[in-house]
Visitor: 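Pasting in a structure now, in structure tokens, and then I'll have a few things to ask.
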Protein chains: 2
Amino acid sequence: MKKNKISNAVIRRLPRYLRHLAAMRREGQERTSSSALGSRMGLTASQIRQDLSCFGEFGQQGYGYNVEKLYRELREILYLNQEKDAVLVGVGNLGHALIRNFRFRESGIRLCAAFDADPALVGSSINGVTVEDAAGLSAYLARHPTTVAVLTLPGRYAQQTAELLMEGGVKGIWNFTGFDVEVPGRFPDVVIESVHFSDSLQVLNYLIGGGERETE
Amino acid sequence: MKKNKISNAVIRRLPRYLRHLAAMRREGQERTSSSALGSRMGLTASQIRQDLSCFGEFGQQGYGYNVEKLYRELREILYLNQEKDAVLVGVGNLGHALIRNFRFRESGIRLCAAFDADPALVGSSINGVTVEDAAGLSAYLARHPTTVAVLTLPGRYAQQTAELLMEGGVKGIWNFTGFDVEVPGRFPDVVIESVHFSDSLQVLNYLIGGGERETE
């Protein structure tokens with residue numbers, strides 16, 4: 001599996017490829033082509049070829065792509081077969097929603113514990129995940145090496161909690177706080193992936209408003 | 001305000017520009033430069049100049065950008081001053097979280113009503129928004145022209161509900177269902193903006209895994 005420098009735009013499209021390939025796989029489709037995959041995803045055939053060539057040679061002239069093989073390769077590329085342990089911090093409505101409904105395992109994540117400062121929540125269990133006292137977060141991380149943290153607490157606690165998590169060895173923070181968490185220089189390997197709801201809604205607003213755009 | 005064909009990548013960066021400009025404005029900063037804005041946002045100065053040039057000439061040689069002016073222009077470009085009416089469909093944990101905590105107005109949206117099929121929720125009020133019976137959605141849309149719909153119900157109801165909303169005149173759907181809603185050909189003006197949590201988590205997983213990437 002060859003890896004060149006991959007642009008962020010390509011990285012962000014990989015999960016979309018995977019979703020469509022998973023659907024084709026469920027539908028029993030064995031092979032596909034750049035143009036079929038492209039028309040399904042709203043991309044050009046040449047875009048598809050270009051994206052997938054960043055990761056090596058998958059297609060075969062005259063045959064196209066083997067759905068199962070490409071699906072498995074993409075899962076490898078996204079490290080979905082190496083399950084990582086995670087904690088969630090902040091069990092408000094959004095935290096609840098994620099614990100209850102989000103399929104972490106399908107994205108290669110095992111949600112092991114949740115933390116909140118509210119005594120009314122501590123000790124409860126949601127979908128098999130126990131809510132622990134936020135005061136015990138550092139001690140927990142010392143006992144249970146944890147790679148990923150889901151941050152679903154109010155923005156004003158985001159930075160301090162993120163740094164506590166990084167101190168505790170967390171390598172990736174999935175940030176829903178709306179606050180742009182910064183990574184101090186002493187944690188060169190930590191990555192933050194923020195879901196900024198307002199960015200998404202503003203893009204929708206722009207597109208409805210009739211803003212010009214390419215077809216991607 | 002000149003508008004050329006704008007790439008999706010640029011459109012998706014506009015809300016980020018706006019967030020950083022809003023912060024600079026709050027901090028009382030009057031002017032900035034491509035390089036200062038770039039280092040704050042993790043982009044190169046030339047990227048900043050290129051992005052903003054898509055929308056006209058904002059900067060001035062030797063002066064840079066006026067923060068207040070650029071902030072206002074970006075709000076115009078994103079149509080944030082033209083408030084649009086919205087409904088939310090599906091008042092589960094995520095729907096609750098958005099109604100309670102998300103600042104719709106800051107993204108140019110007025111959330112007017114919520115809908116759910118659960119009789120236990122119908123008639124209740126969350127953060128000033130009344131939950132109405134989902135059976136009355138079409139009738140509501142006929143009475144209250146509505147531009148935006150927030151879709152927070154289970155994926156299996158996504159497509160049928162989306163089409164009901166389009167029939168009712170909704171122009172933009174903010175889709176949290178995890179299902180890729182399709183727009184039938186008879187609604188050429190409708191846009192879908194999906195927040196796919198799993199896509200975001202898989203990107204995080206990739207980056208933690210040590211996947212190669214450019215610095216954007």
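Residue numbers start from 1 in every chain, and the chains themselves are labelled A, B, ... in the order their sequence lines are given, proteins ahead of strands.
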Visitor: If you measure only the distance, is there a donor-acceptor pair under 3.5 Å linking the side chains of A:Arg16 and B:His196?
Guide: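 No donor-acceptor contact under 3.5 Å links the two side chains.
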Visitor: Just so I understand: if I count every heavy-atom pair under 4.5 Å between each of A:Asn101, A:Asp189, A:Ile173 and chain B, which residue has the most?
Guide: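 Ranked by heavy-atom pairs under 4.5 Å with chain B, first place is A:Ile173.
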Visitor: Using heavy-atom distances under 4.5 Å, tell me whether B:Ile109 contacts chain A through its side chain, its backbone, both, or neither.
Guide: side chain
Visitor: Judged by atom type as modelled, is there a donor-acceptor pair below 3.5 Å linking the side chain of A:Asp199 to the main-chain atoms of A:Val203?
Guide: no
Visitor: I'd like to know if the side chain of A:Thr147 and the backbone of A:Lys84 have a donor-acceptor N/O pair within less than 3.5 Å.
Guide: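 No, A:Thr147 side chain to A:Lys84 backbone: no donor-acceptor pair under 3.5 Å.
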Visitor: Give a yes or no on whether B:Tyr140 atom OH has more than 12 heavy-atom contacts from other residues, nucleotides or ligands under 6.0 Å away.
Guide: yes
Visitor: Report, as yes or no, whether the 6.0 Å neighbourhood of atom CZ on A:Arg40 holds more than 12 heavy atoms from other residues, nucleotides or ligands.
Guide: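 Yes.
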Visitor: Return the option, out of A:Arg103, A:Arg12, A:Gln82, with the maximum number of heavy-atom pairs under 4.5 Å with chain B.
Guide: A:Arg12
Visitor: Quick one: what part of B:Glu182 sits under 4.5 Å from any heavy atom of chain A, side chain, backbone, both or neither?
Guide: neither
Visitor: Would you check if the side chain of A:Asp116 reaches a backbone N or O of A:Val91 as a donor-acceptor pair within less than 3.5 Å?
Guide: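 Answer holds: yes.
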Visitor: Which bit of B:Phe197 is near chain A, if near means a heavy-atom gap under 4.5 Å: side chain, backbone, both or neither?
Guide: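 For B:Phe197, backbone and side chain are both near chain A.
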Visitor: Top residue by heavy-atom pair count (under 4.5 Å) with chain B, among A:Val148, A:Leu80, A:Leu14, A:Leu18?
Guide: A:Leu80
Visitor: Looking at chain A, which one of B:Gly172, B:Ala97, B:Ser200 has the largest number of heavy-atom pairs inside 4.5 Å, strictly under?
Guide: B:Ser200
